[in-house]
Engineer: 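The structure that follows is given in the form of structure tokens.
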Amino acid sequence: MNASPDNGTKGIGARMPMPDGGIEAKDTGQRAAKSGSTRARSHTPLVFEKLCIQRHAPWLYREMMDPSNRYLILPNVHINTEVDFEAWLLSQCRGNYLEFYVVHASDTGKPVGFVYAYDYRPDDGHCRICVHIAHGYRSTGAGALAAAHFIGLLFRSYPLRKVYSAVYGFNTASLQGNMKAGFVEEARLPEYRYYEGKYWDLVLCSMSREAYQGRLARYDERFFPRA
């Protein structure tokens, strides 16, 4: 997960009831590059659309390269043009991303964030995830809802025992959200990242399949009912 902690969310219509205050997690190439969507019933506030580079790359470029996001999402990726970004994104789809969805608000159709899984280890039964929500849509719990649905999708689709989320120590809101949602701290790398004059730990959090069933599955089933 490129050690990219996740963010919260703001403003998708009315405030949505979320699991214990929310998650802030932060991560088959060909699948991710194809178009498709996971669309639930009318009361579902979010729509998941499988990454289509041609359609989504312009918005993703602006979002990922924004200075207020880049230090979290792509701290070590040096890209200066949208063309270079598209080439980089395609390479990630082919060799790194397991799944990648752009998340839209169902009422407006506007993109509000993205989620992806990477570093998939089928023999070991785990992967890493990233959940990112744009600045204008934080603090309503949409990040938690997106994470609940995405983690459920991964557990339903792959033989995973757990998913991992890596969060920098300075991202206290994300750490607190992870713990409230059912993640547990498994490891901590001391002084991993230098940021604003100080070295910060990298905290590796995990959620097991059992923990997901006990804490988040009901929110996924409520807001994203399956036929």
Engineer: Under 4.5 Å between any side-chain heavy atoms of Leu145 and Pro45, yes or no?
Structural biologist: yes
Engineer: Evaluate Cys127 against Leu154 for side-chain contact (heavy atoms from CB on, under 4.5 Å), listing each step before the verdict.
Structural biologist: CA-CA 9 Å; Cys127 69; Leu154 292 171; 4.3 Å; yes
Engineer: Which atom pair, heavy atoms only, marks the closest approach of Gly182 to Ala211?
Structural biologist: O-CB, 4.2 Å
Engineer: Minimum heavy-atom separation for Ile133 to Gly143, with atom names?
Structural biologist: CG1-CA, 3.6 Å
Engineer: Strictly distance-based, threshold 3.5 Å: is any side-chain N or O of Arg209 a donor or acceptor partner for the main-chain N or O of Leu160?
Structural biologist: yes
Engineer: Which residue in the set Phe223, Phe155, Phe48, Tyr212 passes ring pair (Phe, Tyr, Trp, His ring centres under 6.0 Å) when paired with His149?
Structural biologist: Phe48
Engineer: Quick check: do Phe224 and Leu46 have side-chain heavy atoms less than 4.5 Å from each other?
Structural biologist: yes
Engineer: Test side-chain contact (heavy atoms from CB on, under 4.5 Å) on Ser165 and Val163 and set out the steps.
Structural biologist: CA-CA 7 Å; Ser165 164; Val163 296; over 6 Å; no
Engineer: Do the side chains of Met64 and Trp59 join up, straight or via other hydrophobic residues, at under 4.5 Å, putting them in one cluster?
Structural biologist: yes
Engineer: So, do Asn96 and Tyr116 sit near enough that their side-chain heavy atoms are less than 4.5 Å apart?
Structural biologist: no
Engineer: Going from CD on Gln213 to CE on Met207, what distance comes out if it is rounded to the nearest 0.5 angstrom?
Structural biologist: 11.0 Å
Engineer: I want to check something: taking the side chain as every heavy atom from C-beta on, are Leu60 and Leu89 in contact at a cut-off of under 4.5 Å?
Structural biologist: yes
Engineer: Tell me every residue that passes ring pair (Phe, Tyr, Trp, His ring centres under 6.0 Å) with Phe85, counting only those two or more places apart in sequence or in another chain.
Structural biologist: Tyr61, Trp88
Engineer: Going by the salt bridge (Lys or Arg N to Asp or Glu O under 4.0 Å) test, which pairs reach into residues 56-72, not counting sequence neighbours?
Structural biologist: none
Engineer: A side-chain contact here means heavy atoms from C-beta on lying under 4.5 Å apart; do His132 and Asn69 qualify?
Structural biologist: yes
Engineer: Would you say the side chain of Tyr158 lies within less than 4.5 Å of the side chain of Leu98, judging by non-hydrogen atoms?
Structural biologist: yes
Engineer: With sequence neighbours excluded, tell me which residues meet side chain to side chain donor-acceptor pair (under 3.5 Å) with His56.
Structural biologist: Glu49
Engineer: Ignoring hydrogens, what is the shortest heavy-atom contact between Gly152 and Asp220? Give both atom names and the distance.
Structural biologist: CA-OD2, 3.9 Å
Engineer: Which residue pairs pass the salt bridge (Lys or Arg N to Asp or Glu O under 4.0 Å) test with at least one member in residues 72-88, sequence neighbours excluded?
Structural biologist: none
Engineer: How would you list all residue pairs meeting salt bridge (Lys or Arg N to Asp or Glu O under 4.0 Å) that involve residues 71-80, not counting sequence neighbours?
Structural biologist: none
Engineer: Ignoring hydrogens and angles, tell me if any N or O in the side chain of Arg215 forms a donor-acceptor pair with the backbone of Lys180 under 3.5 Å.
Structural biologist: yes
Engineer: When the aromatic ring centroids of Phe114 and Tyr101 are compared, is their separation below 6.0 Å?
Structural biologist: no
Engineer: Indicate yes or no: at least one non-hydrogen side-chain atom of Asn178 is less than 4.5 angstrom from one of Val167.
Structural biologist: yes
Engineer: Testing the 3.5 Å rule here: is there a donor-acceptor pair between the side chains of Tyr168 and Asp201?
Structural biologist: no
Engineer: Rounded to the nearest 0.5 Å, what separates atom OG1 in Thr81 from atom CD1 in Ile79?
Structural biologist: 8.0 Å
Engineer: Does the side chain of Ser208 come within less than 4.5 Å of Arg161's, by heavy atoms?
Structural biologist: no
Engineer: According to a hydrophobic-cluster definition based on side-chain heavy atoms being under 4.5 Å apart (Ile, Leu, Val, Met, Phe, Trp, Tyr only), do Leu175 and Val184 belong together?
Structural biologist: no
Engineer: Minimum heavy-atom separation for Leu202 to Ala166, with atom names?
Structural biologist: CD1-CB, 3.9 Å
Engineer: Quick test of your reading of the model: are Asp124 and Lys162 salt-bridged, counting only N-O distances below 4.0 Å?
Structural biologist: no
Engineer: Before giving the answer on salt bridge (charged side-chain N to carboxylate O under 4.0 Å, His left out), spell out for Glu99 and Lys50 the whole-Å C-alpha distance, their side-chain angles and the decisive distance to 0.1 Å.
Structural biologist: CA-CA 8 Å; Glu99 296 283 357; Lys50 192 163 283 241; 2.7 Å; yes
Engineer: When you check the side-chain N and O atoms of Asp119 and His126, is any donor under 3.5 Å from an acceptor?
Structural biologist: no
Engineer: Verify the cluster assignment for Val77 and Phe100: are they in a single hydrophobic cluster under the rule of side-chain heavy atoms below 4.5 Å apart?
Structural biologist: yes
Engineer: Quick check, are the ring centers of Phe170 and Trp200 under 6.0 angstrom apart?
Structural biologist: yes
Engineer: For residues Leu153 and Ser157, report the shortest heavy-atom separation together with the two atoms involved.
Structural biologist: O-OG, 2.8 Å
Engineer: Taking atom types as modelled, is there a side-chain donor on Glu186 or Tyr164 under 3.5 Å from an acceptor on the other?
Structural biologist: yes
Engineer: With sequence neighbours excluded, what pairs up with Tyr199 under the ring pair (Phe, Tyr, Trp, His ring centres under 6.0 Å) test?
Structural biologist: Tyr194
